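First comes the structure, then the notes that go with it.
Side-chain atoms are counted along with the backbone in the values below, which use heavy atoms only and exclude waters and symmetry mates. These numbers come from a predicted model, not from an experiment.
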Amino acid sequence: MDFIDALITAVMGYAFVFLGIVLLMIVMIIMGKIMSSKKSKQEPKKTTEPAPAVEAEKAPGTAGELKLYDTDPKTAAMVMAIVADKTGKPLNELRFKSIKEVKQ
């Protein structure tokens with residue numbers, strides 16, 4: 001196979017793959033429109049009244065806000081897990097107010 005044949009084969013291969021991706025995209029768009037039309041038929045009409053404001057409830061056992069100083073959340077979570085393990089108490093019984101990295 002010389003260079004020209006290899007080039008034509010490569011271009012044809014890329015063209016077929018690209019065409020397949022475009023056809024798949026068209027099928028996905030059509031299916032999305034069909035599904036959204038079925039969904040809109042099933043939904044009841046919504047009222048225009050705004051819903052009453054509901055305060056988000058905290059998970060059971062949470063103890064308020066935690067302030068992080070010079071610490072990323074992953075490290076803070078590790079510190080809290082280590083403290084809970086060393087004290088032998090569940091994490092929801094401990095209260096952490098802030099976590100600060102001490103740099104020396």
Side-chain angles (χ1 to χ4, degrees):
M1 181 183 284
D2 61 342
F3 180 73
I4 300 297
D5 289 338
L7 183 65
I8 291 172
T9 304
V11 169
M12 292 296 286
Y14 291 135
F16 282 121
V17 169
F18 186 72
L19 180 65
I21 291 172
V22 169
L23 290 175
L24 184 61
M25 185 175 68
I26 291 170
V27 168
M28 294 299 291
I29 290 171
I30 292 170
M31 291 298 293
K33 288 185 179 184
I34 291 171
M35 296 305 260
S36 66
S37 68
K38 285 183 180 179
K39 185 177 180 183
S40 65
K41 289 179 183 176
Q42 293 176 353
E43 289 180 0
K45 293 190 176 187
K46 296 180 180 179
T47 59
T48 57
E49 287 182 26
V54 178
E55 186 176 324
E57 294 182 23
K58 295 181 180 176
T62 59
E65 303 261 335
L66 172 66
K67 295 182 182 179
L68 301 177
Y69 300 100
D70 298 328
T71 305
D72 60 312
K74 184 178 178 181
T75 306
M78 268 195 259
V79 168
M80 293 189 303
I82 291 169
V83 170
D85 185 56
K86 293 293 182 183
T87 58
K89 293 188 177 187
L91 191 58
N92 63 350
E93 291 182 7
L94 298 174
R95 180 170 181 187
F96 296 90
K97 293 183 179 182
S98 66
I99 297 177
K100 180 178 181 180
E101 181 179 350
V102 178
K103 297 181 181 181
Q104 295 179 352

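- Looking at residues two or more places apart in sequence or on another chain, you find a side-chain contact (heavy atoms from CB on, under 4.5 Å) between I29 and M25, K33.
- Follow the hydrophobic side-chain contacts under 4.5 Å out from M12 and you reach I4 in the same cluster.
- V17 meets the side-chain contact (heavy atoms from CB on, under 4.5 Å) test with I21; sequence neighbours excluded.
- Residues F96 and L68 fail the side-chain proximity criterion, which asks for heavy atoms closer than 4.5 Å.
- D70 CG to K100 NZ: the interatomic distance, rounded to the nearest 0.5 Å, is 7.0 Å.
- In this structure, the side chains of M80 and L94 stay at 4.5 Å or more apart for every pair of heavy atoms.
- Y14 and L7 end up in different hydrophobic clusters when Ile, Leu, Val, Met, Phe, Trp and Tyr side chains are linked at under 4.5 Å.
- Hydrophobic clustering places V83 together with I99 (ILVMFWY residues linked when any side-chain heavy atoms are closer than 4.5 Å, directly or through intermediates).
- Applying the side-chain hydrogen bond (donor to acceptor under 3.5 Å, both in side chains) test to D2 and every residue at least two apart in sequence or in another chain returns nothing.
- Put simply, the side chain of V22 reaches to within 4.5 Å of the side chain of I26, judged on heavy atoms.
- Using modelled atom types, one side-chain atom of T71 and one backbone atom of E101 make a donor-acceptor pair closer than 3.5 Å.
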